[in-house]
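For reference, the structure discussed in these notes is given below.
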Amino acid sequence: MTLSAVEVKKLKQAPPLEGVLPVVLSRWSPRSFADRDVSPADLRRVFEAARWAASSSNEQPWKFLFGTRNTPTYTKIFECLVGFNQSWAGSAPVLILGVTNTKFTHNGVANGYALYDLGAAASYLTLQAAALGLSSHQMAGYDHDAARKALEIPEDYALGSVIALGYQGEPAALNHEQLIEREVAPRSRKPLDEFVFTAWGEAADLG
Ligand SMILES: Cc1cc2nc3c(=O)[nH]c(=O)nc-3n(C[C@H](O)[C@H](O)[C@H](O)COP(=O)(O)O)c2cc1C
């Protein structure tokens with residue numbers, strides 16, 4: 001007997017701190033997705049959120065390719081995933097690949113913040129998804145060269161993560177004991193004093 005989806009959702013919730021956005025606390029990355037499609041209206045909403053991320057020089061260098069189940073783009077993205085990710089990500093009704101233009105469009109000069117900006121847009125996307133009751137799970141584990149080829153991504157574009165999107169499923173639906181264990185494990189994070197400094201190596205006193 002493992003935990004139910006509802007119980008896991010509760011367990012994954014970050015401890016509350018008054019004033020922190022609820023979606024920041026509730027977003028987490030499941031590997032079990034329910035057999036339920038994402039509506040076109042909600043897809044529009046998650047990409048709209050990504051659209052409003054800040055970017056260097058307002059370049060908005062990101063592009064997102066997505067496929068819904070049983071479409072050629074979905075299959076192409078899925079087939080590029082490493083075996084471990086293929087073992088669970090096929091339950092997600094939507095697979096998204098984020099890519100980013102490494103050159104500024106107005107002058108062709110290298111944009112050193114292209115991946116940074118894509119990451120920001122992806123964060124907006126995943127938080128908006130959480131706000132809509134959707135779940136997302138990003139993956140770096142895929143064959144980047146194969147994805148570039150299969151999806152005809154131009155050389156100037158760097159590849160970010162693949163994002164599985166859908167509704168959280170039952171942990172028991174995962175077909176490996178190890179996957180179920182990870183699905184029901186508590187989330188962990190470094191404490192603030194390990195990464196918020198007032199001088200290098202000096203933890204800020206934030207109470
Ligand atoms: C860029 C990136 C790449 C990731 N790659 C993978 C992956 O290939 N496979 C996987 O199962 N999880 C992957 N993850 C998920 C992380 O392991 C997960 O976000 C992290 O453990 C924190 O858990 P949380 O998202 O539930 O808070 C990735 C996450 C990010 C942001």
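Whatever order the structure lists ligands and atoms in, that order sets their numbers, starting from 1.
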Inset, instruction - Just go through Arg182, Gln138, Arg189, Met139 and tell me whose heavy atom is the nearest to atom 13 (C) of ligand 1. - result: Gln138
Inset, instruction - Before accepting this row, confirm whether a basic side-chain N of the pair Asp145/Arg148 lies closer than 4.0 Å to the acidic partner's carboxylate O. - result: no
Legend entry - ligand 1 contact on Tyr142 by region, counting heavy-atom pairs under 4.0 Å: neither
Legend entry - More than 12 heavy atoms from other groups under 6.0 Å of CG on Asp143: yes
Legend entry - Heavy-atom protein neighbour under 4.0 angstrom from atom 17 (O) of ligand 1: no
Legend entry - Protein contact to atom 12 (N) of ligand 1 [nearest heavy atom, distance to 0.1 Å]: His137 NE2, 2.8 Å
Legend entry - Interfacing atoms of ligand 1 (cut-off 4.0 Å, heavy-atom, Arg187): 24 (P), 26 (O), 27 (O)
Inset, instruction - May I ask you to identify the nearest protein heavy atom to atom 1 (C) of ligand 1, giving residue, atom name and distance to one decimal place in Å? - result: Ser161 CB, 4.3 Å
Inset, instruction - Under 4.0 Å from a heavy atom of Trp88: give me the atoms of ligand 1 that qualify, with their elements. - result: 11 (O)
Inset, instruction - Take Glu59 and Thr105 through the test side chain to side chain donor-acceptor pair (under 3.5 Å) and record every step on the way to the result. - result: CA-CA 8 Å; Glu59 171 73 13; Thr105 40; 3.1 Å; yes
Legend entry - Trp28-ligand 1 polar pair, N/O distance under 3.5 Å: no
Inset, instruction - Have a look at Gly119, Ala140, Gly141, Ser29 and point out the one with the heavy atom closest to atom 5 (N) of ligand 1. - result: Ala140
Inset, instruction - For the pair Arg187 (side chain) and Lys12 (backbone), establish whether a donor and an acceptor sit closer than 3.5 Å, ignoring hydrogens and angles. - result: yes
Inset, instruction - Within a distance under 4.0 Å of any heavy atom of Phe84, pick out the atoms of ligand 1 and give their elements. - result: 11 (O)
Inset, instruction - Answer with side chain, backbone, both or neither: which part of Lys12 has a heavy atom less than 4.0 angstrom from an atom of ligand 1? - result: neither
Determine all donor-acceptor pairs shorter than 3.5 Å in which one atom belongs to a side chain in residues 190-207; sequence neighbours excluded.
unit_1, atom_1, unit_2, atom_2, d
Asp205, OD1, Gly207, N, 3.2

Inset, instruction - Would you please classify the geometry between the His137 ring and the Trp88 ring as parallel, tilted or perpendicular, with 30° and 60° separating the classes? - result: tilted
Legend entry - Proximal atoms of ligand 1 relative to Arg31 (non-hydrogen, under 4.0 Å): 10 (C), 11 (O), 12 (N)
Legend entry - Minimum side-chain heavy-atom gap Thr68-Asp37 below 4.5 Å: no
Inset, instruction - Return the residue, atom name and 0.1 Å-rounded distance of the protein heavy atom closest to atom 9 (N) of ligand 1. - result: Asn85 OD1, 2.8 Å
Inset, instruction - Would you check if Leu165 and Leu43 make a side-chain contact, meaning some heavy-atom pair closer than 4.5 Å? - result: yes
Legend entry - Ionic contact status for Glu48 with Arg51, cut-off 4.0 Å: yes
